[in-house]
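Contents: one structure, followed by commentary.
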Amino acid sequence: SAPCFSNGLPKPTNVTFSSVNMKNVLQWNSPESLRGAEVVYTVQYLIYGQKRWLNKSECRNINRTSCDLSYETYDHEEQYYGRVKAIWGKHCSKWAETERFNPWLETQIGPPVVALTPGEKSISVVLTAPQKWKRNAEDTSISMHQIYPNMKYNVSIYNSKTSKKWYKFVINYTLELSLLESETLYCISVQVYVPGPLRKTKPSEKQCITTLKDKTSELKV
Amino acid sequence: DEAVILPAPPDLSVHSTNMKHILTWSPVIVPGETVNYSVEYQGEYERYYTSSHWIPSSWCSSISTPECNVTDDITATVAYNFRVKAILGTQSSAWSTLKELFNRNSTVLTSPRMKIIKDGYHLIVEFEDMGPYFEFNVTYWKKSPNSQELYKIVREGGSLEHLVTMEAGAEYCVKAQTVVEIIERSSAFNQVECIRAQDESHLL
Amino acid sequence: QEVHIGHCRVQRAILQELWRAFQAMKSTVQALDHNTETRLLRQEFFQNATWAEICCLNYSLLDFYLSNIFNNYHTKAAELGILRPFITLANNFFVVLKKLQHCKERGMFSLSENSERKFQLFQKEFTKVCLKSWGVWELKGG
């Protein structure tokens, strides 16, 4: 792109990586004083320990304030920096940099997929671990469980009849909740737990399901 | 020298229960005056590598009561030393230090307060929240001839944790102890509590 | 509940303490590191090392950190407002060092030539980086 004069155009602010399951998006705020002006942005990234900043061609002279760097930051054992500068006509700002970004440590681990199947006095819960972001749709999926082998699930179970909510820690992918009350609404949410550093994790959406009518009670009446 | 007349606070000691550590000393009395105190500490690293370094306590740089909660200062299972001086206006006393260094592995561990409830056939247990260092080792069994003891680790207090799905009409008993892995110690078991599952007919 | 560094056992809870302290000071310390083109320690540092070597390398690293880094940056940590996590790291490193010390005394350490060279290279690179950043610090008028 045409050279620009770096002469005091204000820098973008709050340049950070937003990361969920290793989908790593660089985002920033436009400079206060340039809001509304026709400002474009250019992004670069650096692999910690390497010399050169690298261009992200799809994020050259863009007018949005985010840039998906998941492909470039795919190796979660590396650490990275991102930077962005504002360009307005012939003028451009200095680079604004992120902190050092460590995907393994800082990505938010999303919730598992939760499948519920009601029985008369039971609910079977089948969990599918969140998947790491994929470079290509046809790539084989990498489960976040492979990246965090000591990953567990904290399952919360709410009994709407007794208004009691209790938790059950689960290591594998299936949980059979038995001897429940029939024809009762139960609400279930599941959150990943990984021992070690403090991590951001997101609970699954609460799913409510009603246990079936108890056929044996019909026979006995 | 005027500062010398202010005596160093005597009887410095640490009282620690369930990983809450309180440093206490006897007050320095100056009639008609309020004496303040300042607390500093050293871990084993500081003594071994940088013996000159003393670190101001988190909460007690200038306090008027003769005690200081030093829980936030002790963040490793090593021997710590503490020192306290009295301050009156511009005067400061000499520092007084612990007679014996303090290591958090000597904390007194009390057995946990526990609540067991049932939700239908589900036996649920809840412990008080005792802070990040505490897990709970739960032992439970069905009260019947040659029944087997089962074990479960509850990772944190303050929430209802599912223990077992009970058999209709059976009685289950539970006891628990705290486990503090960072100091490799556990408390005594608490009082056994038992609860009976409702009979099968109840649910029909 | 334990983590094995070679044959030496360290409670997971100590690592939890280390993680908390590291996360409390990470942003502040890394923001001062303008030398982004040098990364001294990588996973490969322990690659192809035997368990005894992993133990020994960890011992050497901890001892190096305690003697050279924590020792010299105590005042700086206080200035930056990260003294508490800094001290937590130092004292818990010291706990792990003492645990590994037992392994050393039981003769469980052994360093192959390759590992010995790796550690010396790390020390040399560290000194180079340190001098360079100290030089920059001096240029900026301290």
Side-chain angles (χ1 to χ4, degrees), chain A residues 11 13-19 26 43-55 69 72-84 94-109 146-152 169 171 193-201, chain C residues 1-5 9-49 58 80-82 84-86 88-89 92-93 96 118 121-122 124-126 128-130 132-133 136:
Chain A
K11 295 195 286 193
T13 57
N14 295 331
V15 189
T16 57
F17 276 98
S18 164
S19 176
L26 187 71
V43 165
Q44 290 187 332
Y45 67 95
L46 175 112
I47 299 170
Y48 175 47
Q50 293 190 10
K51 291 195 181 335
R52 285 183 40 248
W53 284 88
L54 304 170
N55 292 319
L69 288 175
E72 292 74 16
T73 57
Y74 186 77
D75 182 350
H76 55 261
E77 290 188 351
E78 292 291 351
Q79 295 176 47
Y80 305 91
Y81 291 86
R83 69 181 185 181
V84 57
K94 289 195 167 69
W95 292 103
E97 259 180 47
T98 64
E99 289 182 0
R100 190 181 308 165
F101 170 62
N102 179 338
W104 179 83
L105 184 63
E106 294 165 46
T107 199
Q108 178 184 70
I109 303 172
Q146 290 167 256
I147 299 168
Y148 305 99
N150 52 2
M151 192 159 118
K152 302 177 175 60
F169 250 96
I171 292 174
Y193 168 73
V194 180
L198 299 173
R199 285 182 198 285
K200 290 168 273 181
T201 61
Chain C
Q1 294 291 60
E2 280 169 348
V3 173
H4 293 253
I5 301 181
R9 294 174 299 109
V10 176
Q11 300 112 295
R12 189 177 302 280
I14 291 180
L15 298 184
Q16 194 85 5
E17 203 87 270
L18 291 175
W19 272 119
R20 281 204 193 107
F22 166 72
Q23 287 178 300
M25 58 194 284
K26 166 182 179 296
S27 296
T28 306
V29 172
Q30 289 181 350
L32 295 172
D33 178 6
H34 302 301
N35 186 344
T36 55
E37 59 192 53
T38 307
R39 179 175 177 176
L40 294 181
L41 282 175
R42 299 181 147 281
Q43 302 266 5
E44 293 79 27
F45 190 77
F46 293 110
Q47 219 157 38
N48 310 324
N58 269 291
L80 293 168
I82 53 169
R84 212 149 302 286
F86 179 87
T88 300
L89 273 189
N92 279 285
F93 272 4
V96 177
K118 264 196 256 187
L121 180 63
F122 161 75
K124 207 177 89 197
E125 284 299 313
F126 177 84
K128 214 191 296 177
V129 164
C130 223
K132 189 177 167 192
S133 63
V136 168

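Letters go in sequence order (proteins before strands), and every chain restarts at 1. Keep in mind that this is a model prediction, so the values were computed, not measured. The figures that follow rest on heavy atoms only: side chains count, while hydrogens, waters and symmetry mates do not.
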- Query: Does a side chain donor of either A/Gln44 or A/Asn55 reach within less than 3.5 Å of an acceptor in the other side chain?
  - Reply: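 The answer is yes; a qualifying pair exists.
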- Check whether more than 12 heavy atoms from other residues, nucleotides or ligands sit under 6.0 Å from atom NZ of A/Lys152, and answer yes or no. yes
- Below 4.0 angstrom, N of the basic side chain to O of the carboxylate: do A/Arg52 and C/Glu37 qualify? no
- Item | Pair C/Arg39 + C/Glu125: basic N to acidic O under 4.0 Å | no
- Quick one: does NZ or CZ of C/Arg12 land under 6.0 Å from the six-membered ring centre of C/Trp19, within 45 degrees of the ring axis?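 No, a cation-pi geometry is absent between C/Arg12 and C/Trp19.
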Heavy-atom cut-off 4.5 Å, strictly under: side chain, backbone, both or neither for [X] against chain C?
X       : result
A/Tyr81 : side chain
A/Gln79 : both
A/Glu77 : both
A/Leu46 : side chain

- Most contacts with chain A, counted as non-hydrogen pairs under 4.5 angstrom, among C/Asp33, C/Thr36, C/Leu18: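 Option with the top pair count is C/Thr36.
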